[in-house]
Amino acid sequence: MSMTETILQVQNITKRFGGVTAVNNCSLEVERGSVTGLIGPNGAGKTTLFNIISGFFHPDAGKVILKNKDITGLSPDRIFKNKLFRSFQIARDYPEMTVLENLLLVPEEQLGESLFNSWFRAKVAQKQQNIFVDKAMESLRFIGLEQKKDLLAKYLSGGEKKLMEIGRMMMVDLDMVLLDEPGAGVPPALQKKFLGYIQNLSRERGLTLFIVEHDMDIIMNICDMIIVMRDGSMLTQGTPEEVRSNPEVIEAYLGSEGEKVV
Ligand SMILES: Nc1ncnc2c1ncn2[C@@H]1O[C@H](COP(=O)(O)OP(=O)(O)O)[C@@H](O)[C@H]1O
Ligand SMILES: [Mg+2]
């Protein structure tokens, strides 16, 4: 038995927008349970690739394999049912409801109409509600928000709102999450704590995190593995140390709009 397992394989993906080839024969792999960063200069194709993996765009060529299953071209909903999701897929939060209620509404929404409208809904509702409350309380403890469970969400600070987002994410049974700039909007004083929670999610729950992030300090600190994209395909990959000292990576960045690696 091998010690590592691939959860996601991107195989020769190409995506064109008119004359622009946003993703160009891109292949990469993400290891199960890892925190993997996706970096690269502006226009490298990172966002487009995330959209393809999560089903929001159809590729012109290539395959996306999740847990050995071909998910290429499936709708975001179908891919979500395969336990992969993109951070913004959870519905907006509810400022006029309590923190606890905000978490409880996530599974409620995920259940969807079929179960919601079915005749046995009433029977299972109470039982599920209890399970969800336990789960929500556990999530709130995990992110250190249990004291604020009865506070209306609108009274949370900016940083606490970001924590609540993590809590809402924890209400869904997921294998893999694609995070788009998770550090954005987190006050510097809370940054380290916040990133610690993200890391713990992966460590303690085996959740695989694939993260696009511009802040190099963040990415270097929380990732096990970093994949570098340039011109629509993978330039290189390695540990933060390997990537940081790779001349090709430094050149890729210097050749762009002044983003820095170190
Ligand atoms: N919807 C779109 N229509 C046309 N061109 C697009 C679209 N989305 C992205 N592109 C182009 O594809 C390339 C890759 O963009 P993107 O995936 O956003 O890169 P990154 O996220 O790495 O900055 C860029 O040249 C961008 O202008
Ligand atoms: Mg982008």
Side-chain angles (χ1 to χ4, degrees), residues 8-30 34-66 71-77 79 84-90 162 165 169 176-186 191 194-195 198 208-223 225-238 240 242-244 246-262:
L8 178 78
Q9 292 163 274
V10 167
Q11 298 178 341
N12 307 102
I13 288 285
T14 293
K15 177 69 183 176
R16 296 181 200 91
F17 297 106
V20 178
T21 304
V23 178
N24 190 6
N25 197 28
C26 182
S27 297
L28 54 86
E29 292 188 354
V30 176
S34 69
V35 179
T36 299
L38 182 62
I39 67 169
N42 280 334
K46 305 180 296 294
T47 298
T48 304
L49 186 65
F50 262 28
N51 280 327
I52 290 168
I53 295 168
S54 50
F56 288 90
F57 289 166
H58 287 236
D60 294 305
K63 278 184 184 175
V64 181
I65 311 288
L66 180 69
I71 58 161
T72 320
L74 295 185
S75 68
D77 258 20
I79 293 175
L84 178 145
F85 106 126
R86 250 196 96 144
S87 44
F88 64 73
Q89 264 175 281
I90 286 181
K162 296 290 288 188
E165 268 176 48
M169 190 173 94
M176 183 165 186
V177 178
L178 310 187
L179 291 168
D180 227 326
E181 301 207 42
V186 178
Q191 196 85 255
F194 178 78
L195 298 170
I198 289 187
T208 308
L209 301 176
F210 198 17
I211 302 177
V212 168
E213 176 59 62
H214 290 290
D215 187 320
M216 286 303 150
D217 284 336
I218 292 182
I219 216 87
M220 294 289 169
N221 267 310
I222 67 172
C223 292
M225 184 58 71
I226 296 176
I227 295 171
V228 187
M229 273 185 89
R230 184 177 65 178
D231 299 334
S233 51
M234 187 173 82
L235 175 66
T236 187
Q237 69 176 8
E242 287 166 348
V243 163
R244 197 200 290 270
N246 185 327
E248 271 190 308
V249 176
I250 295 164
E251 199 244 276
Y253 274 86
L254 292 179
S256 76
E257 302 162 25
E259 285 177 285
K260 294 186 299 165
V261 178
V262 275

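Bear in mind that the values here come from a model prediction, so they are computed numbers and not experimental data. All ligand and atom numbering here is 1-based and tracks the order in the structure. Keep in mind that the numbers below use all heavy atoms, side chains included, and drop hydrogens, waters and symmetry copies.
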(request) Before giving the answer on side chain to side chain donor-acceptor pair (under 3.5 Å), spell out for N51 and R86 the whole-Å C-alpha distance, their side-chain angles and the decisive distance to 0.1 Å. (result) CA-CA 8 Å; N51 280 327; R86 250 196 96 144; 2.4 Å; yes
(message) Which residue and atom name correspond to the protein heavy atom nearest atom 11 (C) of ligand 1, and how close is it?
(response) V20 CG1, 4.0 Å
(request) With atom 20 (P) of ligand 1 as the reference point, say which of G18, G43, G19, G232 has the nearest heavy atom. (result) G43
(message) Is the shortest side-chain heavy-atom distance between M169 and V177 below 4.5 Å?
(response) yes
(request) Around atom 8 (N) of ligand 1, find the nearest protein heavy atom and jot down its residue, atom name and distance. (result) F17 CE1, 3.4 Å
(message) Using 2.8 Å as the threshold, say whether any N, O or S atom from T47 sits that close to the Mg ion (ligand 2).
(response) yes
(message) Less than 4.0 Å from atom 26 (C) of ligand 1, is there any heavy atom belonging to the protein?
(response) no
(request) Indicate yes or no: at least one non-hydrogen side-chain atom of I226 is less than 4.5 angstrom from one of M220. (result) yes
(message) Can you confirm whether C26 sits close enough to T14 that some side-chain heavy atom of one is under 4.5 Å from a side-chain heavy atom of the other?
(response) no
(request) Provide the number and element of each atom of ligand 1 under 4.0 Å from a heavy atom of A22. (result) 12 (O), 13 (C), 14 (C)
(request) List the steps and the verdict of ring pair (Phe, Tyr, Trp, His ring centres under 6.0 Å) for F57 and F50. (result) CA-CA 9 Å; F57 289 166; F50 262 28; over 10 Å; no
(request) Among all protein heavy atoms, pick out the one at the shortest distance from atom 18 (O) of ligand 1; state its residue, atom name and that distance to 0.1 Å. (result) T47 CB, 3.8 Å
(request) Find all atoms of ligand 1 within a distance of less than 4.0 Å from any non-hydrogen atom belonging to A44, and give their numbers and elements. (result) 19 (O), 20 (P), 22 (O)
(request) Please test V10 against I53 for side-chain contact (heavy atoms from CB on, under 4.5 Å), starting from the C-alpha separation and ending with a verdict. (result) CA-CA 8 Å; V10 167; I53 295 168; 4.0 Å; yes
(request) Kindly identify the option in T48, D180, D231 whose heavy atom sits closest to atom 15 (O) of ligand 1. (result) T48
(message) Suppose I only count heavy atoms of N42 and a 4.0 Å limit; which atoms of ligand 1 are within that range?
(response) 23 (O)
(request) May I ask whether G40 has any heavy atom positioned less than 4.0 angstrom from an atom of ligand 1? (result) no
(message) Checking side-chain contact (heavy atoms from CB on, under 4.5 Å) between L8 and each of T36, I65, V64, T208, which is the one that passes?
(response) V64
(request) Measure across H214 and E181 and return the closest heavy-atom pair with its distance rounded to 0.1 Å. (result) CD2-OE2, 2.8 Å
(message) Is there a polar contact, in the sense of an N or O pair closer than 3.5 Å, between G45 and ligand 1?
(response) yes
